Amino acid sequence: MTVSYNLDVSSVSFFNFFRVLFRWRGSVWKSIWSELVIWLIFYYMVMVTYRFALNPEQREEVRKYIENLHENLDNCVPLTFMLAFFVTVIVDRWKNIFANIGFIENTALAIATLVRGTAPEVVLARRTIIRYLVLSQVLVFRDISLKVRRRFPNTDSIIKSGFLQEHEAIILDEVDCPYNKYWVPINWASAVLQKVFVEGKITAPPLFNAAWQEIKTFRSNMAILCNFDWVPIPLAYPQVIFVAVRFYFFMCLFTRQHLDMIDTRTIDYYFPILTVFQFIFFMGWMKVAEGLLNPLGEDDDDFECNFLIDKNISTGMAIVDATYDKFPEMKPDKFAE
Amino acid sequence: MTVSYNLDVSSVSFFNFFRVLFRWRGSVWKSIWSELVIWLIFYYMVMVTYRFALNPEQREEVRKYIENLHENLDNCVPLTFMLAFFVTVIVDRWKNIFANIGFIENTALAIATLVRGTAPEVVLARRTIIRYLVLSQVLVFRDISLKVRRRFPNTDSIIKSGFLQEHEAIILDEVDCPYNKYWVPINWASAVLQKVFVEGKITAPPLFNAAWQEIKTFRSNMAILCNFDWVPIPLAYPQVIFVAVRFYFFMCLFTRQHLDMIDTRTIDYYFPILTVFQFIFFMGWMKVAEGLLNPLGEDDDDFECNFLIDKNISTGMAIVDATYDKFPEMKPDKFAE
Amino acid sequence: MTVSYNLDVSSVSFFNFFRVLFRWRGSVWKSIWSELVIWLIFYYMVMVTYRFALNPEQREEVRKYIENLHENLDNCVPLTFMLAFFVTVIVDRWKNIFANIGFIENTALAIATLVRGTAPEVVLARRTIIRYLVLSQVLVFRDISLKVRRRFPNTDSIIKSGFLQEHEAIILDEVDCPYNKYWVPINWASAVLQKVFVEGKITAPPLFNAAWQEIKTFRSNMAILCNFDWVPIPLAYPQVIFVAVRFYFFMCLFTRQHLDMIDTRTIDYYFPILTVFQFIFFMGWMKVAEGLLNPLGEDDDDFECNFLIDKNISTGMAIVDATYDKFPEMKPDKFAE
Amino acid sequence: MTVSYNLDVSSVSFFNFFRVLFRWRGSVWKSIWSELVIWLIFYYMVMVTYRFALNPEQREEVRKYIENLHENLDNCVPLTFMLAFFVTVIVDRWKNIFANIGFIENTALAIATLVRGTAPEVVLARRTIIRYLVLSQVLVFRDISLKVRRRFPNTDSIIKSGFLQEHEAIILDEVDCPYNKYWVPINWASAVLQKVFVEGKITAPPLFNAAWQEIKTFRSNMAILCNFDWVPIPLAYPQVIFVAVRFYFFMCLFTRQHLDMIDTRTIDYYFPILTVFQFIFFMGWMKVAEGLLNPLGEDDDDFECNFLIDKNISTGMAIVDATYDKFPEMKPDKFAE
Amino acid sequence: MTVSYNLDVSSVSFFNFFRVLFRWRGSVWKSIWSELVIWLIFYYMVMVTYRFALNPEQREEVRKYIENLHENLDNCVPLTFMLAFFVTVIVDRWKNIFANIGFIENTALAIATLVRGTAPEVVLARRTIIRYLVLSQVLVFRDISLKVRRRFPNTDSIIKSGFLQEHEAIILDEVDCPYNKYWVPINWASAVLQKVFVEGKITAPPLFNAAWQEIKTFRSNMAILCNFDWVPIPLAYPQVIFVAVRFYFFMCLFTRQHLDMIDTRTIDYYFPILTVFQFIFFMGWMKVAEGLLNPLGEDDDDFECNFLIDKNISTGMAIVDATYDKFPEMKPDKFAE
């Protein structure tokens, strides 16, 4: 589920800042606490080993190793740069996916406005077109979102939910195409539209074209989602980033140890406070990237595909049937002084 | 209210710089002064404690702690990078929201040009379509802008303002859809358009289509606003940034203290001038980001939604009614030598 | 006036570099020389004070102050980062403004191609539509460009220039709309177009629609210009940047002094050459940003709005009247071997 | 073949990270292991030479050389910056190429919806249009993708595959145009579309136009692919980047040697662990750029052009023939409570 | 001429790297070698002066000067940042220019598909429209590309080449417009299109509109090219960048000298290898920017405008005449199993 916090930031103030800060769902705290705990456990294991398991001579040697690492680490792992640019690429992709997630309203308004008539078969045609579009969305979402897949594990579950009917499932199954079949319901919707056009329910070719363009736009959205799924960011890019961050903090297990056994009073003798905050900032930043990498997944912040499907079918049906041609009597308004 | 300063920067000069500098509304000074004061209070509290509450031995220890922090702080908190890239993402989003805020002029011009007639019922139809579009905008803005919500706290207030009429409110209420209903007035507008088309006030299908496309564009704008509200930047991203900045300046309370009690004459013995300016630059930069994060909020720089609603209804009505088909007698112009 | 230098850079060579370098109009030299001179005056004033007004003891103290500042200055003012990202945002905005500045050619070609006839009243209708569009541009430019405002300080000056006629000015004045009225001439143009359509000068609805779309596009350009003027980059952003740059170089007045009175031979004893170049680069970079911030202003590089208005009316009239339907006799071409 | 890993990142967790990490195909490991091995071989050759082939005096001199290099290397080669910005440019280009790779669905749906009839010659016309479009894609892909070139080394192989027929090959060959001929089959498709329009299979001009626009869009995609191939990123840009990275790591062969013969216990006496990781991060990042530079090539991550051709012909034919006008009987749906 | 190297990078491998590396045309080597040689000459002149013309005392002084410079240079000239962001702006502009360079295919296909008939006068009309569009391109290119200007130094040369005919030249000359006249041939093309529409060669208004839209798109491309030429990147921006790079390497002439006369064995005593490579990377990077700044110029990498003109006229004529309505007999294809 997406996590909304807009009201918390409606104006810039110190308290709004805290309201944003102390949210848990979708927060940076939630996404990193477990790894931070693990990291701290390892950190203290290294600390205990260093302080109690080694004799002074060994300590001296280990210290030398580590100081050598410490000096060169930041130079060798350009973390900030890599993360900053990677996040930019990922955010751009995330925006594009969201822009093509598929909202039914435009298509439904077109169908309602352009396919005229209240006879049962026309109403049914309008409803069916909407259903077919959402069905297509269900088919696509099943391939790219685990949550939707879990809701519709098989064809039966889609039939049960009402998006597909049994005789339709058979026809869908019979389509002989070894590739993705999400376009089949779009095809049906086009054919239904063509049928009502021939029957005169759409009064002119330009209007038929307008309605069809809306169906096409919806399909293009679905196709773009499939394509984003087909061609992800080249694997090596996230690999490089993710390994770099983890490698850096793995090395920090050693390089951020307080190695001087005598000077026991400096602040990081017991707790590496700066490193912990650095961990929060860099891991948090990377978690943002990880979370956005597959925005149709199961994170708190991922798009709510199931919600969208329900909203689309409900709103779509309301537009093409329940509220069809129902508009209030026109009365003079107040603005004409 | 947005803050305009274009005339002040119409040419590059030293004085224009000062004119921009010393504005208060929407300025960086206004957005940070309170936090700067709070920070300074804490800074002096730490200073007083360090100088007067500690004995020399404790001071020495504390000094060690702090110097250790000071050395590593900048390395651990990559503030510049994080802010720079975050602001870029936020500015992009802000631009998109503004581009879809919903201006009525195109739709109104289309309605006025394509729906013909001066009979009262045609005029009323044109006015009603405009009113429905702005009504839809009111419904959307109420959900995403606190200011508009405050102006229209309930349906009654919308009725009183004239955007909605009582019998319309009842129909709107009866629409059975558990989701956002901002599309209902758009639906009404489409139906009215369809009605005048059937009655022959729009003379050809392509023109009906052109008018309807404008209504659709306006609706798409509203839908995009809703979507930006539905799916914000993932919470963890601003959290990481905002915490990093605050954490950094919290640490500065200590690391920027003048710790050497003997050398009392260096410039920061009494006032941390550089740190104060650093505070201004970084906090100011972050405030820009905070302010842009929800541009429909209540900051000085946020979009003036209420103004836009009034402008839309006023301009829209002027276009479709008051100035309908009124154009000056055509006379030869001067440019034909 | 924009400054063109494309021919100077048509190929990459050392001499082309110099040709670009030594131009004055719109150059970095022109934009910064005055501030550089002022800065140098202050610099030498500080220098003289330090060297001659202070006794050695005071000098020592001041020296301590300044060295402390010097050490921390670069760390506290992340100039490069702030400028780089700010310039990116500004360049993007500048591009968008230019893309919507409003060229008449497409609309004029549409009007000439689609509104048919050589009868005087049709010719006048075509001319009038063009004039109304440019008039709308004049109205918009007056609000956002000081240069255009100076050319057309009041309605009379617009009437004198021929863009507006007296009886039109009266009607424009009578329009009851408390907001920007730049859309009124667009409204007139639409009405004229509608009139010639009804009179059969445009032969089919799709062609009427095509012509009207062009008028709409021109109006959308004007609306976008108004919006960019209405909602600038939030004030705090340029403030932070401009203050940071000035603050940095103010501090440099002190920190870049040659403080060692004995070692009189190092290069900056008499002239701070590196700092002067740094001043040129950073101030020059910032001046680019300042110049682009309001591209409709009065800098050398700003868009030539008055030129554009003249070009639009002249080209537009040539297209819809002088060259209307005049095309050469068609003869076989050479390319058919 | 593109490498898909979306399911592995559907939620952010520690284990998902490892799943992404340990993939081989398309991974950073696969792309750099060979160069890393070569680098290590040279590294140890330098090491052995230094430690055993030189006498202490020579070693001292060499050491001096190298330490001098070491100090200045990072300053002289701004690797991170160059790579970060170059990757940004390349990723943008890669996205554009993918967006124009050419999917047949929209065109096929348009042809199926707008060209009506089940008579054999109409079906054949629809099939032929689809085949011509994919044929055009084959011609373009042969020029820009080595894999497709290998599949279709000559015209005969295209004929054998069925995309082209023998009498068509002759006509294609006879076209007298010294430039790329990929547009010829598009021309044929347009002519076929025109023919069925004249025969009344498309019922109205707006619908003919709609169908033709889809053919045009497909052609524009192909043209953009050709243009990206015609005008690559200027050669000097990748050269600078690629040389910089290789030069840097060539220098590291020397500068990262452990030169102190006495202190044999520091961590890099036997294995330059940090440098190896730095190699992985920077080379990996550069390999991402190299891989994206020509996304139609033969890397693991490159677009699967042959797959796309097969999918297009198969899906296209299914849409315009097999499933033409076949839609399920409409029955009331469940959503009407 | 653009330099193509796609085949060299079709897969990522070590040898492909070398193939890209050792190309000369359009390479970084070609663009910087002359300046590198000049720089080295000056470098050795400074070296010789320092080592042989000065006495030890002077040397010591000079050394002091230079070391002072050396310490502060990198801090004062943020070369990497400035170049990186400037190149980003320039690459974006370069992409936009290329996207609007004007390809005739879409327009030609529209004319061929929509203007029907094989009568000589219809064929001539189609040919003439294409010729006029390319003529417009020639007029625009003459203004913005030195190469095209050289090919068409005057109107006579255009007439000789066949793009313009003598009687057309006279009419073009008579057009009374003090501004750019590239739109006149577009006007002619529109008028010819209008003529054939009136004569019934285009069968319906929507198709006439479709054809006209393509002509308009071609004109818009030309207009955008003119605008990019009219309003370049503000001069001060490239000036700042170009001066910064040159100033930096001018200073390096001194600061990178080996100043220590005793320690004659460090690597840069005779040859400043790191500085040379730094020169290559930074100058190479800047040359990329210089080359892209005016992509219609005469560099190896610049767009081949003359080639494009020839390709456009040749392909355009082939589409509207030679291959008009010639499509192969339709036969059943192999894909119908």
Side-chain angles (χ1 to χ4, degrees), chain B residues 2-6 9-12 14 17 20-21 23 26-28 31 74 80 84 87-88 91 98 103 105-106 109 112-113 203-204 206-207 210 265-268 274-275 277-278 281 284-285 287-288 291-292 301 303 311 314-315 318-319 322-323 325 327-335, chain C residues 31 35 61 64-65 68-69 72 76-78 81 85 89 124-125 127-128 131 146 162 165 167-168 171 175-179 183-184 187-188 190-192 194 205-206 209 212 216 220 223 229-232 234-240 242-244 247 287 290-291 293-294 297-299 313 317:
Chain B
T2 58
V3 176
S4 192
Y5 57 93
N6 281 328
V9 294
S10 70
S11 75
V12 173
F14 199 63
F17 159 65
V20 171
L21 193 54
R23 298 184 62 140
S27 75
V28 63
S31 69
D74 278 299
T80 352
V87 168
T88 303
V91 164
F98 183 56
F103 293 96
E105 281 93 342
N106 271 352
L109 280 168
T113 309
T203 53
L207 305 184
R265 287 192 150 160
T266 47
I267 202 160
D268 56 358
L274 280 179
T275 308
F277 269 91
Q278 190 182 13
F281 300 145
W285 209 4
K287 290 290 176 187
V288 172
L292 294 176
D301 263 320
F303 304 140
K311 175 162 174 283
S314 175
T315 308
I319 291 173
T323 72
D325 231 14
F327 60 97
E329 189 194 350
M330 281 187 277
K331 300 182 184 174
D333 58 76
K334 285 186 178 173
F335 302 103
Chain C
S31 68
E35 292 194 38
E61 253 170 53
K64 243 185 183 160
Y65 280 44
N68 181 289
L69 283 173
N72 295 295
C76 289
V77 190
F81 250 102
F85 279 85
V89 169
L124 181 55
R127 292 184 67 94
T128 306
R131 186 162 57 81
L146 270 183
Q165 296 178 348
H167 67 296
E168 293 165 354
I171 297 181
V175 170
D176 181 32
C177 174
Y179 305 100
W183 54 266
V184 176
N187 220 11
W188 295 346
S190 298
V192 172
Q194 170 71 32
N209 187 27
W212 187 75
K216 196 190 76 180
S220 298
D229 190 62
W230 181 42
V231 178
L235 175 60
Y237 202 175
Q239 271 186 337
V240 164
F242 294 171
V243 173
F247 173 75
K287 290 290 178 188
E290 279 192 42
L293 198 56
N294 184 5
E298 312 197 68
D299 295 319
I313 195 76
M317 290 305 184

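This is a predicted model, so every value here is computed, not measured. Chain naming here is simple, since letters A, B, ... match the order of the sequence lines and numbering starts at 1 in each.
The distance from the CE atom of M330(B) to the CZ atom of R131(C) is 10.0 Å, given to the nearest 0.5 Å. T113(B) contributes atom OG1, which lies 5.5 Å from atom CH2 of W212(C) (distance to the nearest 0.5 angstrom). Distance check: D176(C) CG to S314(B) OG gives 7.5 Å after rounding to the nearest 0.5 Å.
In this structure, the portions of E168(C) lying under 4.5 Å from any heavy atom of chain B include both its backbone and its side chain. Within the 4.5 angstrom heavy-atom criterion, atoms from both the backbone and the side chain of A244(C) approach chain B. For V28(B), the parts lying under 4.5 angstrom from a heavy atom of chain C are both the backbone and the side chain. Only the side chain of D74(B) comes within contact range of chain C, with heavy atoms under 4.5 Å apart. Looking at F98(B), only its side chain comes within 4.5 Å of chain C, counting heavy atoms on both sides. With a threshold of 4.5 angstrom between heavy atoms, L109(B) approaches chain C through its backbone and through its side chain. With a threshold of 4.5 angstrom between heavy atoms, F247(C) approaches chain B through side-chain atoms but not through N, CA, C or O. In this structure, chain B has heavy atoms under 4.5 Å from both the backbone and the side chain of L124(C). With a 4.5 angstrom heavy-atom cutoff, A84(B) touches chain C via backbone and side-chain atoms both. Of the two parts of T323(B), the backbone and the side chain both hold a non-hydrogen atom closer than 4.5 Å to a non-hydrogen atom of chain C.
With respect to chain B, the highest number of heavy-atom pairs below 4.5 Å among V192(C), V89(C), N187(C), N209(C) belongs to N187(C). The choice from V91(B), L274(B), V87(B) that makes the most heavy-atom pairs within less than 4.5 Å of chain C is L274(B).
When every heavy atom of G162(C) is checked against every heavy atom of F335(B), the shortest pair comes out as O-CE1, 3.3 Å. Closest of all the heavy-atom pairs between V240(C) and W285(B) is CG2-N, 4.0 Å. Listed here is the closest heavy atom pair of T315(B) and C177(C): OG1-SG, 4.0 Å. Closest approach of Q165(C) and D333(B) over heavy atoms only: NE2-CA, 3.6 Å.
E105(B) contributes no side-chain N or O that, together with a main-chain N or O of A223(C), makes up a donor-acceptor pair within less than 3.5 Å. Distance alone, capped at 3.5 Å, is enough to place a donor-acceptor pair between the H167(C) side chain and the E329(B) backbone. With hydrogens and angles disregarded, no donor-acceptor distance shorter than 3.5 Å links the side chain of Q194(C) to the backbone of A112(B).
Side chains of W183(C) and I319(B) form a contact here, defined as non-hydrogen atoms less than 4.5 Å apart. Side-chain contact between C76(C) and F277(B) is absent, with no heavy-atom pair separated by less than 4.5 Å. F281(B) has its side chain within reach of V77(C): a pair of non-hydrogen atoms, C-beta onward, lies under 4.5 Å apart. In this structure, P205(C) and T203(B) have side chains that are not in contact, with every pair of non-hydrogen atoms separated by 4.5 Å or more.
Checked by atom type, the side-chain pair S220(C)/N106(B) shows a donor-acceptor distance below 3.5 Å.
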